Amino acid sequence: MSIFGIPIFPDQASTFARDVDALYFFILAVCAFFALAVAVPVIYFGIRYHKTHDRQIGARIEGNLPLELLWSVIPTIIAMVMFGWGVSVFYHLRRPPAEALHLYAVGKQWMWKFQHMEGQREINELHIPSGRPIKITVTSEDVLHSLYFPAFRTKYDAIPGRYTELWFEAQKPGSYHIFCTEYCGTNHSGMIGTVTVLEPAAYQEWLQGGGLEGTLAQRGARLFNDLACSSCHVDSGRGRGPSLKDIVGTTVELRDGSSATIDDAYLRESILNSQAKVVKGFEPLMPTFQGLISEENLVALIEYVKSMSPKATTTAPAAPPAGKK
Amino acid sequence: MLDTLKIPEQHYLHDGHSLRSWLLTKDHKRIAIMYLMSISVMFFIGGLFAVGIRFELATPQGDFVTADTYNKFFTMHGVIMVFFFLIPSIPAVLGNFLIPPMIGAKDLAFPRLNLLSLYIYWFGSIFTIAAMVRGGVDTGWTFYTPYSASASNTHVVPTALGIFIAGFSSILTGLNFIVTIHRMRAPGMTWFRLPLFVWAHYATSLIQVLGTPVVAITIVMLFVERAFGFAIFDPQRGGDPVLFQHLFWFYSHPAVYIMILPAMGVMSELVSTFSRKRIFGYSFVAFSSLAIAVFGFIVWAHHMFVSGISTYAAMVFSFLSFSVAIPSAVKTFNWSATLYKGAVSFETPMLYAYGFLGLFAIGGLTGLFLATLGVDVHMHDTYFVVAHFHYIMVGGAIMGYLGGLHYWWPKMTGRMYSEFFSRVSAITVFVGFNVTFFPQFVVGYLGMPRRYHAYPDEMQVLNVMSSAGATVLGLGYVLPVIYFLYSLKHGRVAGPNPWGASGLEWQMQSPPLTENFTEAPQVIHEPYEYEHIVVAKEKHLV
């Protein structure tokens with residue numbers, strides 16, 4: 001929306017945009033009502049009860065309990081409606097559907113690096129299909145960043161050492177802003193990019209154009225060999241490390257007697273800080289990879305490990321196991 | 001004394017003229033005047049950085065200063081304005097000057113501690129300014145880790161230590177006020193006869209005493225990590241960067257109420273005096289101050305809805321944030337209702353009070369958007385937030401501060417300022433403020449992130465409006481300096497009670513004696529009673 005060619009309202013390019021904007025206009029209406037509820041009496045009283053002579057004083061009114069209750073209770077009720085509505089939009093926004101197309105974003109001073117499961121890698125550019133939920137797992141290589149798509153009405157912080165996620169379903173093909181909204185140093189305002197929403201067919205065509213290194217999981221498989229993970233983690237389970245077949249989603253017992261569920265966060269920790277949660281029956285022999293592997297390679301490696309558990313990883317498209325191309 | 005309207009021979013400003021008589025004073029009024037001068041200097045330094053920011057943002061490209069310089073501009077603007085101007089502003093100047101006379105006391109409970117707080121404030125300011133002169137700091141006033149702990153190579157430690165030191169000044173002021181209000185009230189000055197200005201400061205002091213130590217601890221943790229390499233926040237070595245945000249906002253959200261509650265206290269005085277009527281719903285206004293102080297402590301994570309806290313924690317903090325909106329709404333409605341059947345007049349302080357009502361209403365209402373989870377995800381860290389908190393902290397707190405300064409100036413100096421120019425200034429500030437910050441709501445919803453040195457071309461028009469408004473606003477802030485200074489020598493003599501106000505402070509001569517009252521006042525009236533003021537005026541003033 002624009003006035004005299006000056007945009008004053010952002011594009012509504014995702015399914016959330018409608019939900020968020022509807023709530024926004026509801027709150028705007030409430031605010032307008034209360035602004036008038038203050039402004040009109042204040043201006044009217046100021047004129048109507050303007051002091052006419054020097055010795056005049058105001059009427060002696062102490063207060064009014066019913067009025068106090070009225071203007072406490074009504075705002076409370078309206079606030080609870082806002083709260084409830086806000087929660088329902090937020091809950092939806094924070095729950096990616098299982099069938100979402102999954103990709104990774106890594107923030108780094110001062111660029112956004114995106115990795116598609118099919119192997120395409122982009123910097124400050126992102127191509128996605130319309131009409132399909134997209135889930136982005138976000139992390140950072142250095143300081144805090146925040147991945148923000150104003151046209152989709154969503155953002156989430158990129159936190160070093162952690163995976164966070166956001167999702168959206170883009171509806172309108174076109175090009176939109178990507179911003180970093182968490183201050184990250186010198187070139188914070190240069191950490192921007194463009195997300196291009198393509199019709200599904202155009203997206204398929206775009207996919208054909210890239211991915212020279214194979215899929216993300218295939219790249220992970222090569223790293224698995226290059227970093228010599230494969231010399232201990234053998235499928236038979238008789239290596240110095242546990243087999244990684246069909247482990248994602250299971251709960252394992254640890255050396256210290258506690259247990260852990262194997263998910264992205266566990267895999268990440270076990271690669272970077274390998275002594276933290278060692279599976280029972282194995283010696284803490286694995287070297288740590290903290291500082292030796294980039295965030296981008298880490299997600300490739302994790303994707304490869306996950307591809308060894310095809311039953312647990314339902315995210316589409318399932319990455320084919322390495323070597324079967 | 002009252003008939004001829006001359007400046008009395010004896011008053012606190014004449015009680016010694018040497019520098020030593022000022023620097024070693026125990027008089028709360030002289031300490032307040034020194035605070036006034038100090039924070040005014042800080043305000044204009046902070047303002048200069050804002051000028052730099054608005055110059056840069058007049059064009060979409062980063063062409064006025066480099067990105068690093070720009071980042072230092074907004075950081076130092078925030079640091080100075082928040083920690084060295086807004087937090088001390090009303091309590092240390094107006095609170096210091098007025099709380100003792102308002103409750104009928106000769107001074108604060110701990111006069112030496114009061115002077116110490118000023119020295120601590122100076123020491124902290126010098127630390128921070130020295131850090132700026134040596135090259136400044138670029139972390140944003142929020143000092144988020146891990147950027148501040150490991151990535152920034154600017155003067156983080158000295159700046160943060162300056163804030164750490166100044167924090168003790170704030171704690172001591174709060175402590176002094178609490179004890180004074182409990183122990184020093186004149187005979188007959190019961191809790192429910194206290195001016196609402198005093199209630200507001202009581203609530204503020206609780207936050208200062210309970211909240212400030214937390215930010216001190218946070219700064220120490222940052223210092224230990226930066227200086228000695230302990231990994232408290234560094235994720236590479238097992239630290240948690242998000243922990244910093246919890247600790248920081250545990251103080252810094254209540255700190256917003258340190259800024260706005262005293263301004264609300266000023267509002268109650270202004271609205272009552274200039275409608276010549278008891279404040280509507282006195283006890284609701286008094287207790288809403290306490291409610292704001294208490295609820296203010298349990299809403300901090302609404303700054304962190306997209307920072308990696310759990311979905312359910314976000315819901316709890318959203319709910320609690322709405323709870324703090326209610327007492328603010330109650331206050332606003334009570335001020336409005338006070339005008340009903342009043343005898344309203346629009347002297348300059350009342351113009352500021354009206355300005356406060358308008359700007360605080362917009363600032364408070366736009367907070368509802370940000371407390372609402374689904375909408376905040378989009379708005380978080382955009383210019384919408386910048387606009388919102390400037391409406392509260394500048395539109396609210398500074399309008400309150402200026403309103404209070406214009407209201408009590410004749411008490412502090414014994415003289416009136418130019419009525420014409422002060423009205424011009426009040427209107428200029430109101431108009432300039434809205435032109436500056438209202439477009440930022442729009443550009444924020446469009447998606448412009450805060451702390452951006454360069455921005456997309458299509459957002460230029462709104463930014464140019466902002467910069468133009470800031471020019472007007474700046475003019476509105478410079479004007480009072482001129483007519484206030486001019487009034488010191490040439491102003492009309494004000495007399496003890498130029499507004500016909502009801503508080504005990506107006507029973508003192510203007511400027512007051514060092515000991516405030518020659519004999520301890522007996523309080524026999526309810527607060528905000530104007531009947532006997534009129535009678536007194538007729539008896540003494542022809």
Side-chain angles (χ1 to χ4, degrees), chain A residues 6-8 10 20 23-24 27 31 34-35 38 41-42 45-46 49-51 55-63 68 71-72 75-76 79 82-83 86-87 89-90 93-94 142-144 146 148 150 153-157 159-162 164 177 179 181-189 290, chain B residues 67-68 140 144 146-147 151 235-236 241-242 275-278 280-282 284 306-308 311 315 318-319 322 325-326 329-330 332-333 336 339-345 357 361 365 368-369 372-375 377-378 380-381 442 445-447 449 451-456 458 461 530-531 534:
Chain A
I6 305 156
I8 54 153
V20 172
L23 179 52
Y24 170 77
I27 303 173
C31 287
F34 278 105
V38 173
V42 159
F45 294 159
Y49 300 110
H50 195 272
K51 190 167 83 170
R55 282 170 303 161
Q56 190 188 353
I57 61 168
R60 198 178 167 97
I61 303 170
E62 297 286 321
E68 299 284 352
W71 63 46
S72 312
T76 307
M82 279 181 205
F83 165 72
V87 162
V89 171
F90 183 70
L93 225 114
R94 294 303 309 145
D142 35 48
V143 298
L144 294 176
S146 192
Y148 179 34
R153 307 288 189 275
T154 194
K155 69 163 70 70
Y156 213 83
D157 280 11
I159 304 168
R162 261 177 79 177
T164 56
H177 288 299
F179 291 133
T181 40
E182 189 61 73
Y183 175 67
C184 56
T186 305
N187 208 11
H188 170 54
S189 66
Q290 183 77 58
Chain B
D68 280 326
Y144 270 18
Y147 183 74
Q236 307 287 333
V242 181
S275 51
R276 320 193 51 71
K277 186 161 164 286
R278 184 173 161 84
F280 192 90
Y282 172 94
F284 286 91
V306 295
S307 299
T311 304
M315 290 176 190
S318 168
F319 180 84
F322 280 108
I326 306 303
V330 166
T332 308
F333 289 127
S336 313
L339 300 168
Y340 173 68
K341 290 197 173 172
V344 183
S345 58
L357 266 181
L365 288 166
L368 297 173
F369 292 94
T372 305
L373 282 170
V375 180
V377 172
H378 173 57
H380 179 76
D381 270 340
V442 181
Y445 202 76
L446 261 181
R451 297 172 173 174
Y452 261 32
H453 173 231
Y455 57 86
E458 74 263 22
V461 173
Y530 293 93
E531 289 86 352
V534 174

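Convention: sequence-line order gives letters A, B, ...; per-chain numbering from 1. This is a predicted model, so every value here is computed, not measured.
Of all the heavy atoms in B/P235 and A/P160, the pair that sits closest is CB-O, 3.4 Å. What you find for A/F83 and B/M315 is that their closest heavy atoms are CE1-O, 3.2 Å. Across A/F179 and B/P456, no two heavy atoms sit closer than the pair CZ-CG, 3.7 Å. Here the closest non-hydrogen pair linking B/L368 and A/I27 is CB-CG2, 4.2 Å. The nearest pair of heavy atoms linking B/V306 to A/K155 is CG1-O, 3.8 Å. Nearest heavy-atom pair, B/P146 versus A/V143, reported as atom, atom and distance to 0.1 Å: CG-CA, 3.8 Å.
Using bins of under 30°, 30° to 60° and over 60° for the plane-to-plane angle, the ring pair B/F333/A/F34 lands in the tilted bin.
In this structure, the portion of A/L93 lying under 4.5 Å from any heavy atom of chain B is its side chain and not its backbone. With a 4.5 angstrom heavy-atom cutoff, A/I61 touches chain B via backbone and side-chain atoms both. Contacts between A/E62 and chain B at a heavy-atom distance below 4.5 Å involve backbone atoms as well as side-chain atoms. Heavy-atom distances place the side chain of A/I6, and not its backbone, under 4.5 Å from chain B. Only the side chain of A/R94 comes within less than 4.5 Å of a heavy atom in chain B; its backbone stays farther off.
Atom-to-atom distance recorded for B/T372:OG1 and A/L23:CG is 6.0 Å, nearest 0.5 angstrom. Here the OG1 atom belonging to A/T76 is positioned 3.5 Å from the CD1 atom belonging to B/I326, to the nearest 0.5 angstrom. Atom CZ of B/R451 sits about 11.5 Å away from atom OG1 of A/T181, to the nearest 0.5 Å. Atoms CZ and OG1, from A/F90 and B/T311 in turn, are 5.0 Å apart once rounded to the nearest 0.5 Å. One finds the NZ atom of A/K51 at 10.5 Å from the OG atom of B/S275 (value rounded to the nearest 0.5 Å). We find the CG-CG distance between B/D381 and A/D157 to be 7.5 Å, quoted to the nearest 0.5 Å.
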Next item on the list: Start with the C-alpha gap between A/H177 and B/E458, add the side-chain angles, then the distance that decides, and say whether side chain to side chain donor-acceptor pair (under 3.5 Å) holds.
Entry: CA-CA 12 Å; A/H177 288 299; B/E458 74 263 22; 2.8 Å; yes

Margin query: Before you tell me yes or no, could you show the steps for A/Y183 and B/Y144 under ring-ring contact (aromatic ring centres under 6.0 Å, His included), namely the whole-Å CA-CA distance, both residues' side-chain angles and the distance that decides it to 0.1 Å?
Written below: CA-CA 9 Å; A/Y183 175 67; B/Y144 270 18; 9.7 Å; no

Next item on the list: Evaluate side chain to side chain contact (heavy atoms under 4.5 Å, CB included) for B/Y530 paired with A/Q56, printing each intermediate quantity in order.
Entry: CA-CA 9 Å; B/Y530 293 93; A/Q56 190 188 353; over 6 Å; no

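Counting heavy-atom pairs closer than 4.5 Å to chain B, the top-ranked of the candidates A/I159, A/D142, A/N187 is A/I159. Between chain B and the residues A/E68, A/Q290, A/R60, the largest count of heavy-atom pairs under 4.5 Å involves A/E68. Each of A/S189, A/G58, A/A79 has some count of heavy-atom pairs under 4.5 Å with chain B, and the biggest count is that of A/S189. When each of B/A343, B/G374, B/A325 is scored by its heavy-atom pairs under 4.5 Å with chain A, the top score falls to B/A343. The most heavy-atom pairs under 4.5 Å with chain A, out of B/A151, B/G140, B/S345, B/S307, come from B/S307. Ranked by heavy-atom pairs under 4.5 Å with chain B, the list A/V89, A/T186, A/T154 is led by A/T186. The candidate from B/L373, B/T332, B/V330 with the greatest count of non-hydrogen atom pairs under 4.5 Å with chain A is B/L373. If you tally non-hydrogen atom pairs under 4.5 Å between each of B/S336, B/A329, B/G308 and chain A, the highest count goes to B/G308. The candidate from A/A59, A/P75, A/P41, A/A35 with the greatest count of non-hydrogen atom pairs under 4.5 Å with chain B is A/A59. Per-residue heavy-atom pair counts under 4.5 Å with chain A were compared for B/K341, B/K277, B/R278, and the maximum is reached by B/K341.
In this structure, A/F45 places its CZ atom where more than 12 heavy-atom neighbours from other residues, nucleotides or ligands lie under 6.0 Å away.
Two rings, from B/F369 and A/Y24, have their centers less than 6.0 Å apart. The ring of B/H380 has its center no closer than 6.0 angstrom to the ring center of A/Y148.
For the pair A/R153 (side chain) and B/V377 (backbone), a donor-acceptor distance under 3.5 Å is absent.
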